[in-house]
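Accompanying notes for the structure given below.
For ligands, and for the atoms within them, numbers begin at 1 and follow the listed sequence.
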Amino acid sequence: MARILITSGPTRQYLDPVRYLTNASSGRMGAALAAAALARHHDVIIVSGPVAVEYPAAARVVDVDTTDDMLRAAAAEFPRCDGLIGAAAPCDYRPRKVSEQKIAKSGQPLLLELVETDDIVATIAKHKTANQWVVGFALETEDQRFRAIVKMQRKCCDMMVSNNVSAINSLSNDVEILAADGTTIARATGDKQLVADAILAAIDQRLIAGGRNVGFHNQ
Ligand code: C5P
């Protein structure tokens, strides 16, 4: 049995007290991964952005809003976990300035200056111990496998799930599960629960049962 941390859903980055940037992530993949992990008798902690989806009752859910909140919550939980599955779609940009008051319309174009937020998976994977593992997701519209492998290396992940843009806000997914050496462990297409079961089977077999971490490390 392992303790598995899952990041799930979108995050929000506010421009002012009422407006925010976000994306269409539903949290369904995170919920399906949680159910698959619980069915395999693992403990599950989910750090989730705002979603309508219901997570399995047996999972502990930590609700967050922004990418910074998600990173703080995930980093606080990770030392007590065996691994992280980064299924969230955190907002990659935040406005450089957040207005304290609602921005009034002026009849003129509004220019926003956006700066990058921290990458949660990469930040956590940088500090993982030899016994901990990190699984990331890569959503690409071209050169899917190559870009997923580059991303796995850059983010120090031990396994990468490469999916395509049809996965967003959808009931199904079509993925290729890649090992740290770039080889394909499995492909899975269909309902997100079926895809999540295939991902957990790969994690159990390669990262938990083996009891060793063969992925990328920072140094
Ligand atoms: O670089 P890209 O956003 O495509 O990478 C996707 C992977 O990185 C997913 O596992 C996602 O959860 C994670 N990610 C993250 N923090 C971000 C952006 C992406 O953990 N700020």
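In terms of polar-atom proximity, defined here as any N/O pair under 3.5 Å, Gly86 does make such a contact with ligand 1. Considering backbone and side-chain atoms together, Thr7 places no N or O closer than 3.5 Å to any N or O of ligand 1. For ligand 1, the polar-atom distance check finds an N/O of Phe137 within less than 3.5 Å of one of the ligand's N/O atoms. Ligand 1 has no nitrogen or oxygen under 3.5 angstrom from a nitrogen or oxygen of Thr67. In terms of polar-atom proximity, defined here as any N/O pair under 3.5 Å, Glu140 makes no such contact with ligand 1. Not one N or O of Ala89 is nearer than 3.5 Å to an N or O of ligand 1, by distance alone.
For atom 20 (O) of ligand 1, the closest heavy atom belonging to the protein is Val121 N, 2.8 Å. In terms of protein heavy-atom proximity, atom 4 (O) of ligand 1 is closest to Lys151 NZ, 2.4 Å. Looking from atom 8 (O) of ligand 1 to the surrounding protein, the closest heavy atom is Lys155 NZ, 2.9 Å. Annotation: atom 17 (C) of ligand 1 to nearest protein heavy atom, Pro90 CG, 3.6 Å.
With Asp119 contributing its side chain and Lys155 its backbone, the two residues share no donor-acceptor pair below 3.5 Å. The backbone N or O of Thr129 lies less than 3.5 Å from a partner atom in the side chain of Gln132, making a donor-acceptor pair. Formation of a donor-acceptor pair under 3.5 Å by the His42 side chain with backbone atoms of Ile4 is not found in this model. Between the side chain of Thr11 and the backbone N or O of Cys91, at least one donor-acceptor pair lies under 3.5 Å. When atom types are taken as modelled, the side chain of Asp16 and the backbone of Ile103 share a donor-acceptor pair closer than 3.5 angstrom.
For the residue pair Glu176 and Ser162, no side-chain donor N or O sits within less than 3.5 Å of a side-chain acceptor on the partner. Donor-acceptor pairing under 3.5 Å is lacking for the side chains of Gln13 and Thr22.
The proximity of Asp118 to ligand 1, defined as any non-hydrogen pair under 4.0 Å, is limited to the backbone.
Heavy-atom contacts of Ile120 reach the following atoms of ligand 1: 15 (C), 16 (N), 17 (C), 20 (O) (cutoff under 4.0 Å). Listed by number with element, the atoms of ligand 1 under 4.0 angstrom from any heavy atom of Gly136 are 10 (O). Every atom of ligand 1 with a heavy atom of Asp92 under 4.0 Å away is listed here by number and element: 17 (C), 18 (C), 21 (N). Short contacts between ligand 1 and Ala88, defined as distances under 4.0 Å to a heavy atom of the residue, involve ligand atoms 11 (C), 12 (O).
Residues Arg40 and Asp197 have side chains not in contact (no heavy-atom distance under 4.5 Å, counting atoms from C-beta outward).
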Check your understanding: Is there a salt bridge (charged side-chain N to carboxylate O under 4.0 Å, His left out) between Glu142 and Arg147 once you walk through the steps?
Key -> CA-CA 8 Å; Glu142 53 181 344; Arg147 287 181 189 222; 3.3 Å; yes
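In this structure, CG on Asn173 lies 6.0 Å from NZ on Lys192, to the nearest 0.5 angstrom.
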